[in-house]
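What follows is a single structure, written as structure tokens, with notes after it.
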Amino acid sequence: MTDVLSGVGRRTLVMGILNVTPDSFFDGGQFFHLESALEHARRLIREGADIIDIGGESSRPGAQPVPEEEELRRVIPVIRALRQESSVPISIDTYKASVAEAALEAGANIVNDISALRFDSRMVEVVARAGVPVVLMHMQGEPRTMQHNPVYADVVREIKEFFAERIAFARAHGIEKILIDPGIGFGKTVEHNLEILRRLGEFRELGCPILIGVSRKSFIGRLCGTAENPLPPSERLEGTIASNVIAVLNGAQIVRVHDVAAHKRALAIVDAICYAGREPKGGELYGDQHKEAPRDGREGRSCR
Ligand code: 7PJ
């Protein structure tokens, strides 16, 4: 397979979420069994997903860790079966090196690590050896406790410093294809999430493609409802699209979503406006990462 992310910088890529967990907050575990997981994957592909992100451990706030054998039992059969019938790029959403390794062996093409290679010391070697792209996501704390009073002096500055260190670490171990993700909802208040989306352009200075995951997250429920009575996840599509449009305007190149069809339509418009007649620039394609970094991280896309 050629570079699975060759579209980056030419249009916005859509990563479709496939949760293979009994406790996933939105799909409520309905895709836990192999056949229903595959059916959902097929639907995401039909709707135009550029990447399928498969995860076997819920990382929603307060979630308990899943034992390695259970995570393997959930995701590996799905990856193997999906790879049999489709060449769609598959990313594995895990922070466990053994799960990433087995997933890559079963046909996955990208490692999406919410811990940015920190939780499992072997992960960096697994990714480096496979030569695949990695998503480095920022999180303050750990899923079980991360929403207990997260504090930052300057949320964007601190996440940028975190990325600078993590990118250097990954490169020092021979990883070349690096995506960054500020980790919306992972140890962040509603205000932190909003500030990250507002100032997302500042992350472009780091020279790595930016991935964003806002899909149906709780800040949308709170803003569309109230803190005491948030809009439920099933009602958060419009807020999700609004957030993703802003993220793309501010430099996100990949959006991680539950609702692929709706985003393909919305992004057809956004991309027609923002990507028109535009060649990929530095920081948007691998290999160009050190060339022509935007001088002012606050500047928007070409449409501004
Ligand atoms: C994210 C993720 C995210 C990346 C989850 C959920 C919680 N991976 N895995 N970015 N979120 N890279 O989908 O609500 O935001 S699990």
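Just so it is clear, the structure is predicted and the values come from calculations on it, not from any experiment. Both ligands and their constituent atoms are indexed starting at 1 by order of listing.
The shortest N or O to N or O distance between Arg60 and ligand 1 is not under 3.5 Å. An N or O contact shorter than 3.5 Å links Lys217 to ligand 1 by distance. Polar contact check, Asp181 against ligand 1: a nitrogen or oxygen pair lies under 3.5 Å apart. Considering backbone and side-chain atoms alike, His258 places every N or O at 3.5 Å or more from each N or O of ligand 1.
In this structure, Arg74 does not pair ionically with Glu57, as no charged nitrogen and carboxylate oxygen lie closer than 4.0 Å. The residues Asp271 and Lys264 are annotated as not salt-bridged, no charged nitrogen and carboxylate oxygen being separated by less than 4.0 angstrom. Between Glu195 and Lys188 there is no salt bridge, since none of the side-chain N atoms of the basic residue sits less than 4.0 Å from a carboxylate O of the acidic one.
Taking a cut-off of under 4.0 Å to the non-hydrogen atoms of Val135, the atoms of ligand 1 that pass are 12 (N). For ligand 1, the atoms closer than 4.0 angstrom to any heavy atom of Asn112 are 4 (C), 8 (N), 12 (N). Of all atoms in ligand 1, listed by their number and element, those nearer than 4.0 Å to a heavy atom of Met137 are 3 (C), 4 (C), 10 (N).
Distances from ligand 1 to the non-hydrogen atoms of Arg256 include at least one value under 4.0 Å. Contact annotation: Gly183 has no heavy atom less than 4.0 Å from any atom of ligand 1.
Neither the backbone nor the side chain of Val214 has a heavy atom within less than 4.0 Å of ligand 1.
By the 6.0 Å contact criterion, CD on Glu105 is open, its count of non-hydrogen atoms from other residues, nucleotides or ligands being 12 or less.
When the ring-ring contact (aromatic ring centres under 6.0 Å, His included) test is applied to His138, the partners found at least two apart in sequence or on another chain are Phe162.
Applying the side chain to side chain donor-acceptor pair (under 3.5 Å) test to pairs two or more places apart or on separate chains, those with a residue in residues 43-52 are Arg11-Asp50, Arg43-Glu47.
Remark: Arg166 qualifies as a cation-pi partner of Phe169 under the 6.0 Å distance and 45° angle criteria applied to the six-membered ring.
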